[in-house]
Amino acid sequence: SLSERHFYRDRICVSCKKLKPAVEIVFVSLRFDARQAVCNSCYPKFAEDNVCTCLVCGKAMFRNEGMRTNFLCKKCYNPDLTPEAALIKYHRKRASDCGNVSDLLIGEWRKTVKYFKGLCAYCLKSNGECLEHFIPISNGGGTSKTNCVPSCKACNVKKSNYDYRAGGVCGIPKDDMDRVFEYCDS
């Protein structure tokens, strides 16, 4: 049939741009509307460069599939998770771009927010509306469950790029910083 002839013909690999026989081709769905042909020899590097993880379950998936759903796999996708997924995706990218750990999942973030009862981890008064890195990304801190806490905008601005490990003074009382450090260290 026509579709079989179309499927079994030689293809150009999207990675190395060489014409390859059909038996050496793997088809990968990276775009909304089409599959792309990658040869067997290019596939491992291609997959490594184009794979991301679901923010809920941690399952590996191709990057463009995840970008359509804010890095949620088909099984975990829920429109209600989209704002949290976008927030976490943004901060994971910031950390990753600096070469820092970036493995925070939505479930881990929700446990942290629940631990602080939805309040700012520092002042324990205002709503925790920001994702705050206890050790700043600029100082090697990652977007991980042991470094991210909810923060109100005022405390986020007061703390700024203050690194607890370096000592010194920031606009947040030492007792509050100690409490958050104990949480992150546990």
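The distance from atom CG of N100 to atom CG of N147, rounded to the nearest 0.5 Å, is 9.0 Å. Atoms CG and CG, from L124 and L119 in turn, are 6.5 Å apart once rounded to the nearest 0.5 Å. For the atom pair CG of D163 and OG of S138, the computed distance is 8.0 Å after rounding to the nearest 0.5 Å. Between the CG atom in L131 and the CG atom in L87 there is a gap of 5.0 Å [rounded to 0.5 Å]. The structure places NZ of K153 at 5.0 Å from CD of E129, a figure rounded to the nearest 0.5 Å. Once rounded to the nearest 0.5 Å, the distance linking SG of C148 with CG of L104 reads 5.0 Å.
Here the shortest heavy-atom pairing between S41 and K20 reads OG-NZ, 4.3 Å. Closest approach of G171 and K158 over heavy atoms only: O-CD, 3.5 Å. Closest non-hydrogen pair, C39 versus C13, comes out as N-SG, 3.3 Å. Among all heavy-atom pairs drawn from C123 and C155, the shortest one is CB-SG, 3.8 Å.
The environment of CG in D178 is crowded: more than 12 heavy-atom neighbours from other residues, nucleotides or ligands sit within 6.0 Å.
With hydrophobic clusters built from ILVMFWY side chains whose heavy atoms lie under 4.5 angstrom apart, V38 does not share a cluster with I12. Under a hydrophobic clustering in which Ile, Leu, Val, Met, Phe, Trp and Tyr are joined whenever their side-chain heavy atoms come within less than 4.5 Å, directly or via other members, I135 and I172 fall into the same cluster. At a threshold of 4.5 Å between side-chain heavy atoms, the hydrophobic network of Ile, Leu, Val, Met, Phe, Trp and Tyr places V101 and I137 in two separate groups.
Using a 4.5 Å heavy-atom cutoff, the side chains of V149 and C184 are in contact. The closest side-chain heavy-atom distance from S151 to K159 is not below 4.5 Å. Using a 4.5 Å heavy-atom threshold, the side chains of M177 and F134 count as touching.
Partner of F181 under the ring pair (Phe, Tyr, Trp, His ring centres under 6.0 Å) criterion, out of Y122, Y162, Y164: Y164 alone. Of the candidates T53, D103, T143, R92 forms a side-chain hydrogen bond (donor to acceptor under 3.5 Å, both in side chains) with just one, namely T53.
Checking side-chain atoms of S160 against main-chain N and O of N156 turns up no donor-acceptor pair under 3.5 Å. Under a 3.5 Å cut-off, the side chain of S186 and the backbone N or O of Y183 do form a donor-acceptor pair.
Look at R110 and E84 and you find a salt bridge, because one of the NZ, NE, NH1 or NH2 atoms lies within 4.0 Å of a carboxylate O, short of that distance. Salt bridge absent: R179 and D175 never bring a charged side-chain N and a carboxylate O closer than 4.0 Å.
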